[in-house]
Amino acid sequence: MEITASNTKIINRDRLQSLISKEQKRFEESHPKSKALFEESKQYLLGGVPMNWMVRWAGSFPIFVDRASGAHFTDVDGHDYIDLCLGDTGAMTGHAPQASQDAIVERIKKGTTFMLPTEDALWVGKELTRRFGLKYWQIAMTATDANRFSIRLARKITGRKKILVFNWCYHGTVDETFITLENGKPVPRKGNLGPPVDPSMTTKVIEFNDIAALEEALASEDVACVLAEPVMTNIGIVHPDSGFHQALRQITKRTGTLLIIDETHTVCSGPGGYTKLHSLAPDILTVGKPIASGIPAAAYGFSDETAKRIRENTPVDESDTSGIGGTLAGNALSLAAIRATLEHVLTDSSYEKTIPLATRFTQGVEDAIREFNLPWTVQQLGCRAEYWFRELPPKNGGEAAAAIDGPMDLYMHLFALNRGILMTPFHNMALMSPATTADDIDKHTAIFREAVQSLISD
Ligand SMILES: Cc1ncc(COP(=O)(O)O)c(C=O)c1O
């Protein structure tokens, strides 16, 4: 164990590497069937997986899933896991909730896609308005699409070309958003494949919570919209400073810039997302992932004024070539699944259960951090929590990104995985579903403590 000048413990890297090797061996030995399936899949699927990021888990190959129910899933080797990843929010409902299953099966029997609305669409529109406060809605297949379409509409109705995002944001695979700050200068984000143009041609990027930079970036009145998560969740949880949202709304209004709030992850804050909880007033709101219990669906809503401008600027006879939409968008199956999810699963009472579970998770991790005097922090947002290997919560994406510790992430995830807990890849996030139990959380706490102990005991 090494001791820093401030007497906080840091991790011995040689020890960490040898612990990772030990856990990797244990993983490989205990997952023979997943390993065999992965090896065979490599002959047919690029990289051995249906989606390239599915190899980016802590184990040296991906676990193949057999089935899931509630907060647990079972892999093909017969291991049971507490799922704290929950499809990175896509399964925040818990897996296969009964009410959604029933509605989905029923809809499949009656046909799934028509290019025509069903009665569920009306119910869903009303409910989205009640929850989030925006007046009019459209349905997309994914949150990426909802963001992409919202940006297009914002450009169309403002006549402006640029958008603004926050450093280290993530809003799905939206071309314009893959831009970061390096030494204060905007640069294309590493790993963005084949961008159509240099993103600095389309996008301004500033740090979250930087009101002065926001004033400066919007002063030239060439920005169609700010696209923002109300709390950053994709580079760890970064909360807004007090007064930040008020300033964001005032400055965007004053400069004629539309404000798009992306609630895809922050819908973990409550039934109406962070927007309803904190009385935000975006011009456009986007939300996806869990709203249909894992069936692909997303929604984007508009204030009355924004809807009026859209109507005035988007002739219906051009709507089939508008650059927004998709044949399967707004299909009957997605709408039936959204309805069942909002009516029976992600209800007010479900959040009354899941948010205290996230508090329990946070408390458990915090206790271990304190017990071992580690310079780490843990943050909660609604039914989501995330720990971070830095002493103070980051104030913006740049600070958060600078604290990423790849080997530590790998070890903590692998240690948990080998003991039946799945954390969200790419960061140390845990999400609670209505089916998660206090026992599930206490098991995580015990395993987290054990992992920490293994790192620092001599
Ligand atoms: C805040 C946010 N918005 C949008 C998306 C895109 O969601 P999807 O990949 O389902 O399109 C994500 C995905 O992680 C996200 O975190």
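Counting starts at 1 for both ligands and their atoms, following the listed order. Just so you know, these numbers use all the heavy atoms, side chains as well, and skip hydrogens, waters and symmetry mates. Just so you know, residue 1 is the first one in the sequence shown, and it goes up from there.
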**Q** Can you sort out which atoms of ligand 1 are near N147, meaning under 4.0 Å from one of its heavy atoms?
**A** 3 (N), 4 (C)
**Q** Determine whether Q380 and R384 make a side-chain contact, defined as any pair of heavy atoms from C-beta on separated by less than 4.5 Å.
**A** no
**Q** So which protein heavy atom does atom 7 (O) of ligand 1 come closest to, and at what separation?
**A** A143 CB, 3.4 Å
**Q** Which of the listed options, T424, T144, D88, D262, holds the heavy atom that is closest to atom 8 (P) of ligand 1?
**A** T144
**Q** Using a 4.0 Å cutoff against the non-hydrogen atoms of T142, which atoms of ligand 1 qualify?
**A** 11 (O)
**Q** Could you say whether the N/O atoms of T233 and ligand 1 ever approach to under 3.5 Å?
**A** no
**Q** So how far is it from F208 CZ to I235 CD1, rounded to the nearest 0.5 Å?
**A** 13.0 Å
**Q** Return the residue, atom name and 0.1 Å-rounded distance of the protein heavy atom closest to atom 16 (O) of ligand 1.
**A** N234 ND2, 2.9 Å
**Q** For the residue pair N428 / H413, report whether a side-chain donor-acceptor contact shorter than 3.5 Å exists.
**A** yes
**Q** Looking at R249, K253, R309, which hits salt bridge (charged side-chain N to carboxylate O under 4.0 Å, His left out) with D283?
**A** R249
**Q** Which heavy atom of the protein is the closest neighbour of atom 12 (C) of ligand 1, given with residue, atom name and distance?
**A** K289 CE, 3.7 Å
**Q** Any nitrogen or oxygen of D145, main chain or side chain, under 3.5 Å from a nitrogen or oxygen of ligand 1?
**A** no
**Q** Have a look at ligand 1 and work out which part of T266, if any, has a heavy atom under 4.0 Å from it: side chain, backbone, both or neither.
**A** neither
**Q** How far apart are the C-alpha atoms of D222 and K162, what are their side-chain angles, what is the distance that settles it, and do they pass the salt bridge (Lys or Arg N to Asp or Glu O under 4.0 Å) test?
**A** CA-CA 6 Å; D222 57 349; K162 294 221 166 176; 5.3 Å; no
**Q** I need the atoms of ligand 1 closer than 4.0 Å to a non-hydrogen atom of E229, numbered in the order shown.
**A** 1 (C)
**Q** Does the side chain of S220 come under 3.5 Å of the side chain of K204 through a donor N or O and an acceptor N or O?
**A** yes
**Q** Classify the ring geometry between F166 and F244 as parallel (under 30°), tilted (30 to 60°) or perpendicular (over 60°).
**A** perpendicular
